[in-house]
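Heavy-atom basis, side chains included; hydrogens, waters and symmetry copies ignored. Please read these numbers as outputs of a predicted model, since none were measured by experiment. In listed order, ligands and their atoms are each counted from 1.
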Amino acid sequence: MFDTHVHCGFSSDSSMTLAQAWAQVKDEPKLGMVVTEHWDYEYPGDPKKFIFDRDAYFAEYQKLRRPGKLLLGIEVGMQPHLAAKDDAVPQGYAFDYVLGAVHMMNKEDLYYKKAYQGLTQLQAEELYVKTAIACVDSHKNFDAFAHIDYICRYWPYTGPEGELHLEEHLKLYQQLLGKLVERQIPLEFNTRRLDNQQAIKTMLDIGHCYAGLGGRYCTVGSDAHNKTHVTRRLGLASVLAKECGLVPVYFEARKMYRDRVL
Ligand SMILES: [Zn+2]
Ligand SMILES: [Zn+2]
């Protein structure tokens with residue numbers, strides 16, 4: 001199994017070094033990982049917070065790279081108005097993997113309450129999925145789509161309202177997932193919320209929808225920001241993916257590979 005979502009020293013919100021993450025997988029023959037450092041242009045209030053020195057990244061990480069085992073990637077936070085800049089971030093650098101993510105809505109970080117001001121849960125969800133569609137439409141340079149349920153981590157709605165509602169926005173979800181399927185962009189099963197039965201059901205619903213539209217591949221990623229979370233719940237994510245009929249993959253030199261375990 002390949003942990004395709006790991007944040008280390010070049011992500012300003014991570015408390016682990018690449019050496020510490022590597023220590024979690026290096027002696028496990030069935031495990032591999034790709035580091036995906038954050039890159040988000042125009043982060044509200046602190047525009048440089050999630051920007052790093054790409055030359056320093058490769059100078060430091062290249063010597064740790066191991067084909068099929070430890071790979072070098074980046075997570076690009078997409079915003080529709082930044083598409084050209086976002087797509088240019090990996091250019092000229094030997095990234096193995098570019099993970100496309102939606103962290104922002106109307107230029108506000110989904111992490112903060114301000115992003116949801118004046119919105120009901122259904123309105124917030126509609127805006128989020130429409131933003132994701134606009135990001136996917138406008139961005140051409142990413143390999144997989146990160147944490148589709150990201151908004152559920154932070155929005156202020158709780159109980160049944162705390163989950164995504166596929167049935168209420170089915171056309172929009174089909175549009176988003178259909179665009180990924182068309183371009184053979186795998187869907188990430190992010191394990192962050194998979195300690196929760198409702199979240200598991202959400203991911204199964206989304207996975208089934210994606211597969212029903214013709215999607216075949218997914219990635220599994222822990223989104224670890226500390227060493228205890230590396231590879232966390234990857235087994236469960238793989239089981240859920242299989243239940244949806246999806247095959248977990250990873251990327252090396254921007255090419256898709258099947259997990260060696262399967
Ligand atoms: Zn982070
Ligand atoms: Zn992310």
Could you tell me the separation between the CG atom of L31 and the CE atom of M1, rounded to the nearest 0.5 Å? 5.5 Å
Does a donor on one side chain sit under 3.5 Å from an acceptor on the other, for D3 and S222? yes
Short check: any N/O/S atom of E75 below 2.8 Å from the Zn ion (ligand 2)? yes
Out of the N/O/S atoms in D13, what is the name of the one closest to the Zn ion (ligand 1)? OD2
Output yes when R65 and D96 qualify as a salt bridge under the 4.0 Å nitrogen-oxygen rule, no when they do not. yes
Answer yes or no for H38: is there an N/O/S atom below the 2.8 Å cut-off from the Zn ion (ligand 1)? yes
Can we say R233 and D223 salt-bridge, meaning some charged N sits less than 4.0 Å from an Asp/Glu carboxylate O? no
Of the backbone and side-chain N, O or S atoms of H5, does one lie nearer to the Zn ion (ligand 2) than 2.8 Å? no
